[in-house]
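Taking it in order: structure first as structure tokens, then the write-up.
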Amino acid sequence: GGAQVLVYEELLAAPADFALVERLKKRVIRTDVLYVLFTSGSTGTPKGVIISHGAVIDYNEWLSECFPLDETTVFANQTPFYFVMSGLDIYQTLRNGSTTCIVPRMAFIFPGMLLDYLREHRVNTLYWVPTALCIVSGLGALKEIPLPDLRLVMFGGEVMPTKQLNLWREAYPDVMFVNQYGPTEMTDICAYYILDRPIPDHESIPIGRPAEHMDLMILGEGDRPVPEGGIGELCGRGPSLANGYYNAPEKTAEAFVQNPLNTAYAETIYRTGDLVRVNEYGEMVYMGRKDFQIKHLGHRIELGEIETAVSSLPGIDRACCLYGTERSEIVLFYTGEAVQKDITVGLKALVPEYMIPNVLRRLEAMPLNVNGKIDRALLKGML
């Protein structure tokens, strides 16, 4: 398309104009755009999220202060460089003099090969999507090839099945496990939860508390804070907020809005579209997407609650619930050896009768999008 192509090896061989570099550096300020990153489009059409230098700097300063990341850290990069989660590997490596190993795609098809790679490169830190972690735990590979250097496992991008995470925690009781939550629009992470207590398979892993450089609020009816224990939309503000969507003023105006709790001056917050509540421990728990919330048999249901319950059952590897509006039915897609009758019986002990899926469809493999997350758009086309 006429784009300029620069070959890295040729650039290295060419003379450097350091005076030009210095002149350009003096013109760059924190609010300048560092990159425009397009979302996966898993909940709609992909949007170009505009992220500034300052947003990434604040995000990375918080990361390095909050977690044991330094020059001894060895990352195993799992996420593609066009996916926001790769920013942690890239910028923490640059900031701290860490090491990032780019794991071959083929390794994620063969868990044994993957663990051999991690062991050989002495990887001690992972930041992966849950699907990648489940590939290893779901096939029992954790017990076969130990990772003696592992010290920190972080995950995000989608909901981590608690049963699968508990397999990791059982195999590595001394490792720090962290649930990272955040949309691309908040430079990847705005909340986190360091697992410090046992969590039963049928319960959701909390997203925890706001990251120290961001502020979060849970808004309900009339854009007011929800009452204690109530469910509402998670909204955020802070220095790592994106500048909106590239060349899409209408979409920007829908999601990046004036803080309804502040009428004194202009202050932008981002509406995540995610529903959360605060549990008895004071931790935020993700309940599902606002657009995944359904009205079924007169009840308001978060499909994420059903997915969490299904994922805890024996013989289930991955689960995804969608709503077929044409026939008004909850459809469960799952992978694993579980028998449909056993799934229904098991769910009756975990959720109300009206939340039991009407249709259960077993898949040989759960479809994934380019970022390694469950491809809900493709599944929706199978309804």
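Hydrogens, waters and symmetry mates are skipped; everything else that's a heavy atom, side chains included, is used.
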- For residues N96 and E71, is any side-chain donor paired with an opposing acceptor at under 3.5 Å? no

> Is a side-chain donor-acceptor pair under 3.5 Å present for T79 with S86?
Replying inline: no

- Query: Is NZ or CZ of R318 both nearer than 6.0 Å to the six-membered ring centre of F333 and within 45° of the ring axis?
  - Reply: no

Between F75 and the options V123, L88, L126, T99, the side chain to side chain contact (heavy atoms under 4.5 Å, CB included) test singles out L88

The reported gap from CE in M160 to CD in Q180 (rounded to nearest 0.5 angstrom) is 14.0 Å

* Asked: Are N60 and Q92 close enough, and set up right, to give a side-chain contact (heavy atoms from CB on, under 4.5 Å), and what steps lead you there?
  -> CA-CA 7 Å; N60 277 278; Q92 281 299 298; 2.9 Å; yes

For a side-chain contact (heavy atoms from CB on, under 4.5 Å) check, start with the C-alpha distance between V285 and V278, then their side-chain angles and the critical distance, and finish with the verdict. CA-CA 6 Å; V285 178; V278 176; over 6 Å; no

**Salt-bridge contact D215-R209 (side-chain N to carboxylate O under 4.0 Å)** = no

Hits for side-chain hydrogen bond (donor to acceptor under 3.5 Å, both in side chains) against T125, two or more places apart or cross-chain, chain-then-number order -> none

Closest heavy-atom pair, I306 versus C321, reported as atoms and distance to 0.1 Å, is CG2-SG, 3.5 Å

Just wondering, more than 12 heavy atoms not from Q4 lying within 6.0 Å of its CD?
no

- prompt: Should the pair R119-D149 be classified as a salt bridge under the 4.0 Å nitrogen-to-oxygen rule?
  reply: no

Fill in: Whether Q164 side chain and W168 backbone form a donor-acceptor pair below 3.5 Å
no

### Task
On the 0 to 90° scale, with breaks at 30° and 60°, tag the H299-Y354 ring pair as parallel, tilted or perpendicular.
parallel

Distance col, row S240:OG vs Y59:OH, nearest 0.5 angstrom, shows 9.0 Å

*Within the 6.0 Å centroid threshold, strictly below: F108 and W128*: yes

Q: Could you please spell out the steps behind the side chain to side chain donor-acceptor pair (under 3.5 Å) verdict for E203 and T162?
A: CA-CA 7 Å; E203 289 186 14; T162 308; over 6 Å; no

Notebook entry, point to check: Got a sec: does the CZ of R197 have more than 12 other heavy atoms crowding it under 6.0 Å?
Noted result: yes

- Message: Under a 4.0 Å threshold between the charged nitrogen and the carboxylate oxygen, would R95 count as salt-bridged to E61?
- Response: yes

All heavy atoms of H121 vs all of V74, minimum pair found to be O-CG1, 3.7 Å

What one should report as the nearest heavy-atom pair of A55 and T187 is CB-OG1, 3.5 Å

Of all heavy-atom pairs linking G112 and I145, the shortest is O-CD1, 3.5 Å

Would R362 and D342 satisfy salt bridge (charged side-chain N to carboxylate O under 4.0 Å, His left out), going step by step from the backbone distance to the final call? CA-CA 13 Å; R362 181 182 176 276; D342 293 340; over 6 Å; no

Measure centre to centre between the rings of Y323 and H296, then say whether the value is under 6.0 Å.
-> yes

For side-chain contact (heavy atoms from CB on, under 4.5 Å), just list the numbers for L347 and V310, CA-CA rounded to whole Å, side-chain angles, deciding distance to a tenth of an Å, and then say yes or no. CA-CA 7 Å; L347 281 177; V310 172; 3.7 Å; yes

Could you walk me through whether C101 and N77 pass the side-chain contact (heavy atoms from CB on, under 4.5 Å) check?
CA-CA 6 Å; C101 302; N77 171 260; over 6 Å; no

- Task: Take atom CZ of R105 as the centre, draw a 6.0 Å sphere, and report whether it contains more than 12 heavy atoms from other residues, nucleotides or ligands.
- Result: yes

* Asked: Any cation-pi pair here, K251 with Y245, using under 6.0 Å and within 45°?
  -> no

With a 4.0 Å cut-off on N to O distance, would you call E254 and R271 a salt bridge? no

- Query: Judged by modelled atom types alone, do T31 and S52 share a side-chain donor-acceptor pair under 3.5 Å?
  - Reply: no

Taking atom CZ of R122 as the centre, does the number of heavy atoms from other residues, nucleotides or ligands within less than 6.0 Å exceed 12? no

I'd like to know if K290 and E233 make a salt bridge, using a cut-off of under 4.0 Å between side-chain N and carboxylate O.
yes

Here the pair of heavy atoms bringing M214 nearest to R237 is CE-O, 3.5 Å

task = Could you tell me whether Y192 and W62 have their ring centroids closer than 6.0 angstrom?
result = yes

Closest heavy-atom pair, K380 versus L322, reported as atoms and distance to 0.1 Å, is N-CD1, 3.5 Å

**Asked** Under 6.0 Å between ring centres, would you say that holds for Y193 and Y181?
**Response** no

Do N259 and E267 have a side chain donor and acceptor closer than 3.5 Å?
yes

